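Source: prediction; values computed, not measured.
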Amino acid sequence: MPHEASAVPAAPTAPAGPGVSYTVLRFPAAHTAELEVKRSRFLAVLTRVQSEAHAREVIAEVAARHRDARHHCTAFVLGPTRDTARSSDDGEPSGTAGMPMLQALTQYATPAQRAAGEPGDLSDVCAVVVRWFGGVKLGAGGLVRAYAGAVSAALDTAPLTRRLRCRPLTLTAPHSDAGRVEAEIRAHGFTVLPTEYDAAGAVLHVLVPDLPPELDAARRALAGITSGAADVRTGPVSWHDLPGD
């Protein structure tokens, strides 16, 4: 499935509330980690996903790639508020694989979140843990620790970023003034989407975090840049990734 290419807005100057931003894996590659427990190998594969259908496609691809393994246990969580979550034990004893993997995803907090005492908010991620049986039974507790541990080990080194809800502010400038206006907007630290041109002038789109203080500050800045001449219109919500650390 193709990955989206997003323009990058400036980071918000005020904290984003629940459902406004959340943690995601950076596109495009899957991230892996491997554990060995009593001769059983556990390969965790983490992938950024955009929908439940995409997650199931990823699961099928990983299972096909490692068809020699005994188990392909899975968990995924989706959406800004993580309202979709699924898991599967794939033949392991009930509750020993998929649910511990899902808990590892939903309970994960970044180092910055842990330092601030904030809960984790990782989403749009699918985890597949592939197990090659080593001949020694691990017991229920051992399986829980192995499956959760494989996911946690992958998360500890995974490339992460923030995904932010944004709105475009649109304004029109005369052809003769469009270059100056766009340059000043960029100088203020805003992200400008590709400019459109028509007979009336240039149409500029400025991407702003969907937070009242950010939108108000952007409107004031645009009014100053255009000496109040621009009619600034607010567009629909869209989601964009911020630069990774």
Side-chain angles (χ1 to χ4, degrees), residues 1-28 48-55 77-84 110 112-113 118 121-125 159-245:
M1 175 171 293
H3 302 302
E4 67 180 43
S6 297
V8 178
T13 56
V20 177
S21 74
Y22 59 103
T23 303
V24 291
L25 289 172
R26 287 208 295 267
F27 281 132
R48 172 88 170 264
V49 291
Q50 298 165 302
S51 65
E52 185 164 348
H54 186 192
V77 58
L78 300 167
T81 58
R82 306 200 287 190
D83 52 347
T84 298
T110 66
Q113 288 170 332
E118 298 173 350
D121 58 359
L122 178 69
S123 193
D124 292 354
V125 60
L160 302 174
T161 188
R162 299 291 296 175
R163 189 154 176 79
L164 182 66
R165 194 176 74 206
C166 302
R167 285 183 184 271
L169 299 183
T170 300
L171 65 153
T172 302
H175 289 121
S176 60
D177 207 24
R180 178 196 65 81
V181 171
E182 181 172 343
E184 289 197 29
I185 292 172
R186 293 185 186 278
H188 277 70
F190 296 111
T191 294
V192 182
L193 300 179
T195 299
E196 302 168 357
Y197 294 90
D198 58 26
V203 182
L204 295 92
H205 307 277
V206 184
L207 198 62
V208 182
D210 184 29
L211 298 164
E214 300 291 329
L215 290 165
D216 290 345
R219 292 186 187 101
R220 289 194 299 270
L222 295 176
I225 291 168
T226 63
S227 300
D231 177 21
V232 179
R233 300 181 300 279
T234 303
V237 167
S238 57
W239 288 87
H240 298 266
D241 288 1
L242 295 175
D245 295 332

Asker: Residues two or more places apart in sequence or in another chain: which of them pass salt bridge (charged side-chain N to carboxylate O under 4.0 Å, His left out) with Arg82?
Answerer: none
Asker: Checking Asp124 side chain against Val77 main chain: does a donor-acceptor pair fall under 3.5 Å?
Answerer: no
Asker: If we only count heavy atoms from C-beta on, is the Arg167 to Val208 side-chain gap below 4.5 Å?
Answerer: no
Asker: Report the C-alpha separation of Leu215 and Asp210 in whole Å, then their side-chain angles, then the decisive distance to 0.1 Å, and conclude whether the side-chain contact (heavy atoms from CB on, under 4.5 Å) test is met.
Answerer: CA-CA 7 Å; Leu215 290 165; Asp210 184 29; 3.7 Å; yes
Asker: Between Arg162 and Thr23, does the side chain to side chain donor-acceptor pair (under 3.5 Å) criterion hold? Intermediate values first, please.
Answerer: CA-CA 5 Å; Arg162 299 291 296 175; Thr23 303; 2.7 Å; yes
Asker: Just wondering, do Leu164 and His240 contact through their side chains at under 4.5 Å, heavy atoms?
Answerer: no
Asker: Can you check whether Ser238 reaches Leu207 side chain to side chain, under 4.5 Å on heavy atoms?
Answerer: yes
Asker: Ignoring hydrogens and angles, write down the donor-acceptor pairs under 3.5 Å from the side chains of residues 222-232, residues two or more places apart or on other chains.
Answerer:
unit_1, atom_1, unit_2, atom_2, d
Thr226, OG1, Leu222, O, 2.9
Thr226, OG1, Ala230, N, 3.4

Asker: Is it the case that the side chains of Arg163 and Ser123 hold a donor-acceptor pair, with the cut-off being a distance below 3.5 Å and no angle test?
Answerer: no
Asker: Enumerate donor-acceptor pairs with a distance under 3.5 Å from any side-chain N or O in residues 172-179 to protein atoms, sequence neighbours excluded.
Answerer:
unit_1, atom_1, unit_2, atom_2, d
His175, NE2, Asp198, O, 2.9
Asp177, OD1, Arg180, NE, 2.8
Asp177, OD2, Arg180, NH2, 2.8

Asker: Are any side-chain N or O atoms of Arg48 and backbone N or O atoms of Leu25, one a donor and one an acceptor, separated by less than 3.5 Å?
Answerer: yes
Asker: How about Thr195 and Glu182: does a side-chain donor come under 3.5 Å of a side-chain acceptor?
Answerer: yes
